[in-house]
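What follows is a short report on a single structure.
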Amino acid sequence: MSAVAARPSSWWSWFAAGLLVPVAIPIAHSRAVEVDVDLWGGGLLGLGATAIVVLYRWSSRRNVVGVALYNLDFTLSKAPSAKVVLFVCLTLSLLVSAATILCFLDNAFTFTSALWQTWHWLADPSEMFQTLSPSLTVRVLAFCTTIVGIVVFALLIGIVSDHIGEFVEGLREGKAKIVEEGHTILLNMNSKGLPIITELLNAKESEGGGTIVVMCDIPKAELEASIRDELEDGTKGSRVICRCGSTRSPHNLRRLSLQTAKSVIILSVEEPGVSRKEMDGTALHTLLQILQMVPAPVKLSNGQLVPGPGTPWIVVEVNSKASHAVFSAIRHPAVKLVVTHELAGRVLLNASLQSRIGDAVAELVSFDGVEIYLKEWPELNGLQFNEVLFAFEGAVPIGLADSTRCHINPPADRVIRAGESVVVIAADDSTYRLRSDSERRDTRRAIRRDTLPPPRSYKQRLSTLFVNWHPGMRSLLADYDELVAPGSNVTLLSRMSTAEMKTSLAGGGAGSLVLNQIAVKFQSDDVTDLVALQTLPLEEYDVVVVFAELREGLTLDQMSAEQLKTLLLTRLLQSSKLADKLHKSGHGLGAATHTEIQKDPQFLTERRILVEAQNMGGECLIDAVHQCEVINTNKIVASVLAQVSEESMLSDIYRELLCGLEGSEIYFKPLSRYVFASERCDWAEVRERAWALSEIAIGFHLAGEPLCSLDPRTNAGISPRLWHPEDRILVLAEQL
């Protein structure tokens, strides 16, 4: 017979021995003397030990222990409180079992007193040595109970330690639930995250402070450190609360108190090698999760959908035009979309045509300078927009808005209806007021168009170089074609091959790009290579635009360094080629070196270079060269996102003013359009003349000044003056 086959018989042999030994001893002894309890107790303990051995051998053969441990592991991982329940059950079962045995071994104990005695043995090991019973089995029971008690309390210490560790780790990682009202939630972090937080802090400073909650995958300590380093002026009375976790997790989103929040900003996740569509996919997933958690929209009697009670405004950053169509299909009244490449591209396009307009846009959308405010004025209901255009002190009205749409630069006879807000530009909502009826009466003069300088076209014939590839290049060229005079040309210099550039302009099946005013040339080369740049007629370009192209494996600082290298080489080659050209043409400037030409203000004005920056470090680095204009498009987009989160209607207003949609846009117009040569007039009269041409003047740029003036309070105090012919007026107009 094999050893395996012999095992069952050996089990029964051990089992029989275990039964006979503890039973036979007291039976044999009981014949001579009275049965001793110790012998019966010893027999009982022996029987118990034998039963444990048999059960262990039986369970190990059938893997009972493994199954039990598996189920225990599953229970502990599924229910965090299972450890505590297990500890309580183990302790109670031990107490009850030990007390029952003690009552059997010593009749002097009642069950309650036995329960108390076993608790002493369990909780205090020293109680084992104070056991007064002469019974050996009672002392053995006390010893066993004490040993098990040490194990149980070690388990208790481990459980308490784990819970305290998990609690501290949760606090460190930011897993606690947000208990706030009226807070702003920022989901995900990218290059626009820190500028958004800065803008929100500026916005909430005038309100006495507020709460900003940030959630992303960055560890809480690291995120707090980066925010702390960025905020040089502190939080300005507000609180910035950080949470670590995936924004696609419903559990994490529930911890943010969405129903009590004022607004939610969803940013895309910027990762190396990830396309813009994939970035938008993350934002779309987060948006859909949020919409499942907030109340459904409410339909009014007029059929209009409005956000349900407890629904925050949700502002979403969209990176691609294709994704915008997907987001727009959601059609939720609380969702506001900001298409970043469309906004940034149009600002750069206008800045390439008109110097310093990027600074004006940056001031208009920032909380630091003038802002756009909406407010209802019931006393103005029934009046025409023409009658309220000059009715405010310290503000410039630019349009009207209701709950569904905005009307920028409306017709003069547009009547203000009940429930409509007047859209104004002001330094702050506390710095402007509505003039009284007596102040508004007869304050304006009627300006006839035939008394103004004759209008003319301000479109220019330009030669432009676009360096690096912009994701919205097709739309940029289409818009550029409408804003320049016939005979203009654009050269596209990129690391992409010519075939790739042409394919991208084809729009992926959207149809061929038809351009009537401009001719497009392609050149594929390294934009930082001196030899490649020398092959271009840089001295002939009126404008050079260096886009920010963040390629895979390239950080923002490395991208800024490449842009700076391209800028310096371009400016060097421009001045050098222009010096050679002047020397050959014999204009009397042959002795001028390229260094002297490079420092000439007229050269810098006539040969403009515009650089797109995407972080503060890059902006400061490039701006320090003083040979170009720098526009931080990320900062502008961040300001727009922050503004829309504070006032949802600004989404439509900014899209019309900054993105070139149907309606009015921000333009610089020459002073000669409104003022005759050598004529003296004040700012109020310039505004009136602009309005006579269906334009709203909101500021001006004086010749030689680095910045334009947009503050209505300052501009209103300008007395009649002799303007410089090179001064420009910033207006809202339907065309350039």
Side-chain angles (χ1 to χ4, degrees), residues 41 44-45 48-49 51-53 55-57 59-60 63-106 109-133 135-179 219-222 224 242-245 249 251-252 255:
L44 182 62
L45 292 176
I52 291 175
V53 172
L55 286 174
Y56 174 75
R57 296 293 300 272
S59 62
S60 61
N63 198 26
V64 176
V65 176
V67 174
L69 291 177
Y70 170 76
N71 292 328
L72 179 63
D73 177 73
F74 175 76
T75 304
L76 293 179
S77 62
K78 183 178 180 182
S81 60
K83 294 180 181 179
V84 178
V85 175
L86 177 64
F87 170 78
V88 173
C89 293
L90 183 61
T91 304
L92 290 177
S93 62
L94 177 62
L95 285 174
V96 172
S97 301
T100 303
I101 296 174
L102 182 58
C103 289
F104 177 77
L105 297 177
D106 194 340
F109 286 95
T110 63
F111 182 75
T112 54
S113 60
L115 202 62
W116 180 252
Q117 181 62 51
T118 54
W119 169 251
H120 275 233
W121 293 338
L122 193 69
D124 187 3
S126 64
E127 285 288 331
M128 177 184 64
F129 300 103
Q130 300 178 11
T131 302
L132 301 178
S133 176
S135 173
L136 176 63
T137 53
V138 172
R139 294 179 181 180
V140 172
L141 177 64
F143 174 78
C144 294
T145 305
T146 301
I147 295 300
V148 175
I150 294 174
V151 176
V152 168
F153 274 92
L155 177 62
L156 174 62
I157 293 173
I159 293 174
V160 173
S161 177
D162 287 345
H163 275 275
I164 294 177
E166 291 174 1
F167 177 74
V168 174
E169 185 68 15
L171 293 179
R172 189 179 69 84
E173 295 183 357
K175 294 182 178 179
K177 183 177 181 180
I178 299 296
V179 185
K220 182 174 180 285
E222 181 181 342
E224 289 176 337
C242 299
R243 290 289 180 264
C244 179
S249 168
H251 172 71
N252 290 337
R255 294 191 285 121

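- A side-chain donor from one of Thr110 and Ser113 sits under 3.5 Å from a side-chain acceptor of the other.
- For Ser161 (side chain) and Ile157 (main-chain N/O), no donor-acceptor pair under 3.5 Å exists by modelled atom type.
- Rounded to the nearest 0.5 angstrom, Thr145 OG1 and Trp119 CH2 are separated by 12.5 Å.
- Among all heavy-atom pairs drawn from Cys103 and Phe109, the shortest one is SG-O, 4.0 Å.
- Within the model, atoms OG1 of Thr118 and CD1 of Ile101 stand 10.0 Å from one another, a figure rounded to the nearest 0.5 Å.
- Atom CD1 of residue Ile147 and atom SG of residue Cys144 lie 8.0 Å apart, to the nearest 0.5 angstrom.
- The structure places CD of Glu222 at 11.0 Å from SG of Cys242, a figure rounded to the nearest 0.5 Å.
- At a threshold of 4.5 Å between non-hydrogen side-chain atoms, the residues Arg243 and Ile178 count as touching.
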